[in-house]
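Quick notes on the structure that follows.
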Amino acid sequence: MTHYLSLVAIIAWAFVAATADESKIEPLQAPQLRQELLRRVKVDQAARLAMIEWMKLHAKVGAVDIASLADERKAEFEKLSQAVQQADEENTKRLAEIVERYGWPRIALVGKEGANAAWLLVQHADRNRPFQRQCLDLMTQLPKDEVSQRDLAYLTDRVLLAEGKKQVYGTQMNSAEGKWTPQPLEDPDNVDQRRAERGLEPLAEYIKQMESFYGPAPRK
C-alpha cells in the first residue's frame, strides 16, 4: 500500500478556488517570479493529475497494491510516481531559494495566484518537513491581507500531522470503510467554526467535494 492520497488530495480544487482576477490590484513587486511560480505549479499539477487518472482506471485513489500489479502496470505506476517525485524535489529546491531571498512570497510580491502557487509547492514539499514548518511560520507572521487564510489552514494541518500532532481544520483526509474521514483532529465539535474563520467550507461539504472528484474512499 502506498501513501499517494497525501500527495494528490486537495490539488484539483484548492488551486482553482484560490485564483482571482489580478488586473484590478496594484502592480506586483515581482511579476517574473509570479510567472515562474505559476509555471512550476503547472508541472506539479500535470504530474499529479496524470497519477489520479491512472489510479481511477487501474486502482483506487489513495490505494495501490504494487505487488498485485502486472509488470506493465507496475512500470506505468513507477513512471508516474517518479514524475511526481521529480517535480516535488525540483520545486522544493527552487522554492527554498526564493524564500531565502524574498521571505514568503506574499500577495504584494507575486499576487494572489502567485502566492497560492507558492503555497501549493510547499504543501507538496513533504520530503523536507523542516522547510514546511519554516514556511508555515513565515506565513503566520504576515498580515492577513498578505497571505491566503485558506492556504494557511491547509499548511497548518499538514505540518501539525507531520509533527505527530492533531490537525486543526480537518483539511487532511484518510479513508476508512469506504468513507473519507479527517486524519486525527483537535476538537472536532468546533471544526466548522475554525474552518469558517479561515474561509473554508463546512467539513461535510468538503468531504462531498472529495467524493465527487475522487469517488468513494477505498476500503482498507
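Positions are given from 1 along the sequence. All values derive from a computational prediction rather than experimental measurement.
For the residue pair Glu76 and Trp54, a side-chain donor N or O sits within less than 3.5 Å of a side-chain acceptor on the partner. No hydrogens or angles considered: nothing links the side chains of Arg48 and Gln45 as a donor-acceptor pair under 3.5 Å. Asp88 and Asn91 share no side-chain donor-acceptor pair at under 3.5 Å. Under the 3.5 Å distance criterion, with hydrogens and angles disregarded, no donor-acceptor pair is assigned to the side chains of Thr181 and Asn174.
Other residues, nucleotides and ligands contribute only 12 or fewer heavy atoms inside 6.0 Å of the CD atom of Glu100. Remark: Lys42 NZ is loosely packed, at most 12 non-hydrogen atoms of other residues, nucleotides or ligands lying under 6.0 Å away. By the 6.0 Å contact criterion, CG on Asn190 is enclosed, its count of non-hydrogen atoms from other residues, nucleotides or ligands being greater than 12.
With respect to Glu89 and Lys93, no salt bridge is recorded, no charged nitrogen being found less than 4.0 Å from a carboxylate O. At a threshold of 4.0 Å, the pair Asp126-Arg158 counts as salt-bridged, since one of the basic side-chain nitrogens sits closer than that to a carboxylate oxygen. Under a 4.0 Å N-O distance rule, the pair Glu90/Arg40 does not qualify as a salt bridge. A salt bridge is defined here as a Lys NZ or Arg NE, NH1 or NH2 lying under 4.0 Å from an Asp or Glu carboxylate O, and Arg94 with Glu97 meets this definition.
No side-chain heavy atom of Asp145 sits less than 4.5 Å from a side-chain heavy atom of Ile107. Looking only at side-chain heavy atoms (C-beta outward), Gln141 and Trp104 stay at 4.5 Å or farther from each other. Between Gln209 and Glu201 the shortest side-chain heavy-atom distance falls below 4.5 Å. In this structure, the side chains of Asp151 and Asn116 come closer than 4.5 Å at one or more pairs of heavy atoms. Taking the side chain as every heavy atom from C-beta outward, Glu163 and Arg133 approach each other to under 4.5 Å. Counting heavy atoms from C-beta outward, Pro184 and Gln167 have side chains that stay 4.5 Å or more apart. Looking at Arg194 and Asp187, their side chains come closer than 4.5 Å, going by heavy atoms from C-beta outward. When side chains are defined from C-beta on, Met51 counts as touching Phe77, because their heavy atoms get closer than 4.5 Å.
Taking all atoms of both residues into account, the shortest heavy-atom contact from Leu109 to Leu28 is O-CB, 3.7 Å. Val84 approaches Ala47 most closely through the heavy-atom pair CG2-O, 3.8 Å. Between Ile98 and Pro105 the shortest heavy-atom distance is CG2-CG, 4.0 Å. Residues Val110 and Ala115 share a closest heavy-atom pair of CG2-N, 3.3 Å. Residues Ala118 and Leu95 approach most closely at O-CD2, 3.6 Å, considering heavy atoms. Closest heavy-atom contact between Leu203 and Pro182: CD2-CG, 3.7 Å.
The cluster map of Ile, Leu, Val, Met, Phe, Trp and Tyr, joined by side-chain heavy atoms under 4.5 Å apart, puts Leu37 and Val43 in different clusters. Follow the hydrophobic side-chain contacts under 4.5 Å out from Phe131 and you never reach Leu161; the two are in separate clusters. Under the 4.5 Å side-chain heavy-atom criterion for ILVMFWY residues, a single connected hydrophobic cluster contains both Leu138 and Tyr102.
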Candidate pair Gln85 and Arg127, rule side chain to side chain contact (heavy atoms under 4.5 Å, CB included), full reasoning:
CA-CA 9 Å; Gln85 181 175 343; Arg127 293 177 178 83; 3.6 Å; yes
Hey, mind stepping through Asp192 and Leu200 against side chain to side chain contact (heavy atoms under 4.5 Å, CB included) and telling me if it holds?
CA-CA 8 Å; Asp192 281 345; Leu200 297 170; over 6 Å; no
Report the C-alpha distance between Lys166 and Leu185 in whole Å, list the side-chain angles of each, state the deciding distance to 0.1 Å, and finish with yes or no for side chain to side chain contact (heavy atoms under 4.5 Å, CB included).
CA-CA 5 Å; Lys166 292 183 179 181; Leu185 176 62; 5.8 Å; no
Go through Met139 and Leu155 one step at a time and tell me if the side chain to side chain contact (heavy atoms under 4.5 Å, CB included) criterion holds.
CA-CA 10 Å; Met139 292 172 70; Leu155 188 58; 3.6 Å; yes
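A distance of 8.5 Å separates NZ of Lys74 from OG of Ser68, quoted to the nearest 0.5 Å. Separating the CD1 atom in Ile66 from the OG atom in Ser81 is a distance of 6.5 Å, to the nearest 0.5 Å. Lys179 contributes atom NZ, which lies 15.0 Å from atom CE of Met210 (distance to the nearest 0.5 angstrom). In this structure, CD on Gln134 lies 8.0 Å from CG on Asp137, to the nearest 0.5 angstrom. With values rounded to the nearest 0.5 angstrom, Leu121 atom CG is found 7.5 Å from Thr92 atom OG1.
A donor-acceptor pair under 3.5 Å is absent between the side-chain atoms of Gln172 and the main chain of Gly170, judged by distance alone. Between the side chain of Glu146 and the backbone N or O of Arg106, no donor-acceptor pair lies under 3.5 Å. Here the side chain of Gln132 pairs a donor or acceptor atom with the backbone of Val122 at under 3.5 angstrom.
For the pair Arg198 and Tyr169, the cation-pi criterion (under 6.0 Å, within 45° of the ring axis) is not fulfilled.
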